[in-house]
Participant: 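Have a look at the structure that comes next, please.
Nothing fancy with the numbering, it's 1 onward along the sequence.
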Amino acid sequence: MKKIVKIIFISILLIILFPLYASTENIPWYKDAVFYEIFVRSFADSDGDKIGDLIGLTQKINYLNTGSKESENDLKIDAIWLMPIFSSVSYHGYDVTDYYDINPEYGILEDFETFISEAHKRGIKVILDLVVNHTSSKHPWFISASSSYTSPYRDYYVWSTQKPDKGPVNLWYQKPTGYYYALFWSEMPDLNFDNPKVRQEVKKIAKFWIEKGVDGFRLDAAKSIYDENYKNISWWQEFYNYLRGIKPDIYLVGEVWDNEFTIAEYYKGLPSNFNFPLSDKIISSVANQKDLGIVEFINYERDLFRENNSDFADAIFLRNHDQNRVKTGFGGNIDKAILAASIYLTLPGTPFIYYGEEIGMEGAKPDEYIREPFKWTDDMKSPEQTYWIKPFYNLPNNGISVETLDKDPKSILNQYRKLIRSRINHKALALGDIEKVKTKDNSTLAYIRYYGDEKILVIHNLNRVQNTFSLKDNVQEIIYLRNVILNENELILGAFSTAIVKIP
Ligand code: CA
């Protein structure tokens with residue numbers, strides 16, 4: 001009898017304590033993080049050669065997050081995604097020649113160790129771009145593999161003695177020893193993931209950087225390792241399981257540039273994937289000045305993702321280094337750029353900010369011009385200013401720089417700072433579910449975010465015409481207002497405005 005009582009008592013205790021444990025301890029760090037994507041070459045220079053480097057980045061880290069809760073002039077991001085920093089023969093680094101060393105233009109391994117230790121001191125996590133679908137044609141593995149049939153690295157790549165007559169024949173390139181497969185470019189030969197040695201090498205590379213302190217990886221071309229999705233998913237599953245054995249809270253985010261069905265498939269193998277369709281939905285809604293069903297789409301997507309992974313972390317963003325910059329997509333309209341930010345930074349998911357987005361930098365393809373030097377001062381003459389390319393969009397003295405925007409409380413930079421802080425201070429904005437609130441017409445977008453007993457109402461006016469929104473509840477706390485007047489039980493919504501309020 002006594003035993004039964006004891007068991008019942010312990011069971012009740014567990015039932016009471018488990019939700020508490022689950023709601024605090026069990027949430028992976030990346031679920032409520034805000035990421036910032038950095039192209040090192042364009043960010044900050046330390047040695048006067050005008051090429052961004054790791055020492056320069058470390059010197060400017062307080063711009064991103066000082067690590068102090070009280071500081072007001074930092075962005076307060078939680079994590080950094082560094083675009084490729086390994087040895088490479090290109091300006092962008094997506095063709096690696098040595099996976100164990102830093103691009104000499106960016107510094108040396110010791111600079112990376114200093115950077116990661118300064119980042120961690122401030123509570124900033126660091127993930128690296130891992131580009132393993134292919135190597136550079138100048139990688140020693142490929143040089144050896146292509147020079148001899150008997151090279152130990154021959155089977156690291158995909159070879160055919162005759163030019164294949166089936167499939168995408170134009171993706172095969174000739175060397176004296178045969179034809180090799182290269183999906184993206186002749187100088188980026190694809191690695192052969194059917195070779196267990198290649199899988200071992202890739203695991204070894206990841207382990208090396210985890211031991212240097214990195215917190216995760218962004219997986220370049222995650223759906224291109226094989227033609228078939230199921231084979232890619234199975235490989236990433238194997239990779240993720242291996243890495244979790246080394247570092248249980250490792251974060252992996254896949255670049256699966258595809259529709260929501262394909263992205264959902266990859267959640268079988270990966271904890272996080274970039275949400276390309278959502279970014280298009282947000283941007284077209286803002287561009288067209290009407291909500292095209294953002295909340296309905298998110299909830300529908302989240303149901304799809306959840307089916308394959310109950311613990312999915314939806315990586316949301318506006319634009320990345322492969323796409324025209326968001327403000328340029330709005331014809332340079334700064335209010336629309338701020339509105340788009342106000343939308344995605346109040347949605348469920350893990351937001352990724354592309355460097356320069358927060359100061360309203362512009363850019364359109366070719367790629368170099370969507371990766372232009374970050375502007376620290378308006379005259380672009382400060383010591384940390386990079387200038388590896390002559391900018392076409394973000395010119396000196398155009399009024400857009402950290403220095404100029406910092407002083408203007410209404411600037412896009414200060415909106416990003418406020419919106420990120422709203423997310424930090426209100427768990428519902430970072431972790432809560434989302435439910436649509438009906439509005440008079442689709443030029444107003446409203447939703448509630450829920451978490452525990454916290455309830456936050458977010459309202460955007462997507463139109464340039466003033467609008468109103470009737471509040472059903474009393475406002476408990478005004479979290480963020482931009483171009484909005486709170487009048488009794490009504491919000492007067494100015495052009496492209498946003499209100500975030502706490503309700504009972
Ligand atoms: Ca430099």
Participant: Decide, yes or no, whether a salt bridge links Asp74 with Lys76 under the criterion of side-chain N to carboxylate O below 4.0 Å.
Facilitator: yes

Participant: Decide, yes or no, whether a salt bridge links Lys138 with Asp98 under the criterion of side-chain N to carboxylate O below 4.0 Å.
Facilitator: no

Participant: Check whether Tyr447 forms a cation-pi arrangement with Lys436 (NZ or CZ under 6.0 Å from the six-membered ring centre, at most 45° off the ring normal).
Facilitator: no

Participant: Is the shortest side-chain N to carboxylate O distance from Lys212 to Glu113 below 4.0 Å?
Facilitator: yes

Participant: Is NZ or CZ of Arg325 both nearer than 6.0 Å to the six-membered ring centre of Tyr355 and within 45° of the ring axis?
Facilitator: yes

Participant: Heavy atoms only: give me the nearest Ile102-Phe112 pair and the separation to one decimal.
Facilitator: CD1-CB, 3.9 Å

Participant: What residues form a ring pair (Phe, Tyr, Trp, His ring centres under 6.0 Å) with Tyr106, not counting sequence neighbours?
Facilitator: none

Participant: Is the shortest distance from a Lys or Arg side-chain nitrogen in Arg244 or Asp249 to a carboxylate oxygen in the other one below 4.0 Å?
Facilitator: no

Participant: Do Lys223 and Trp257 meet the cation-pi criteria used here (NZ or CZ under 6.0 Å from the six-membered ring centre, within 45° of the axis)?
Facilitator: no

Participant: Looking at residues at least two apart in the chain, or sitting in another chain, which of them share a salt bridge (Lys or Arg N to Asp or Glu O under 4.0 Å) with Arg302?
Facilitator: none

Participant: Any carboxylate oxygen within less than 4.0 angstrom of a Lys/Arg side-chain nitrogen, looking at Asp335 and Arg482?
Facilitator: yes

Participant: State whether Phe297 and Lys281 meet the cation-pi test: NZ (Lys) or CZ (Arg) under 6.0 Å from the six-membered ring centroid, and within 45° of the perpendicular axis.
Facilitator: yes

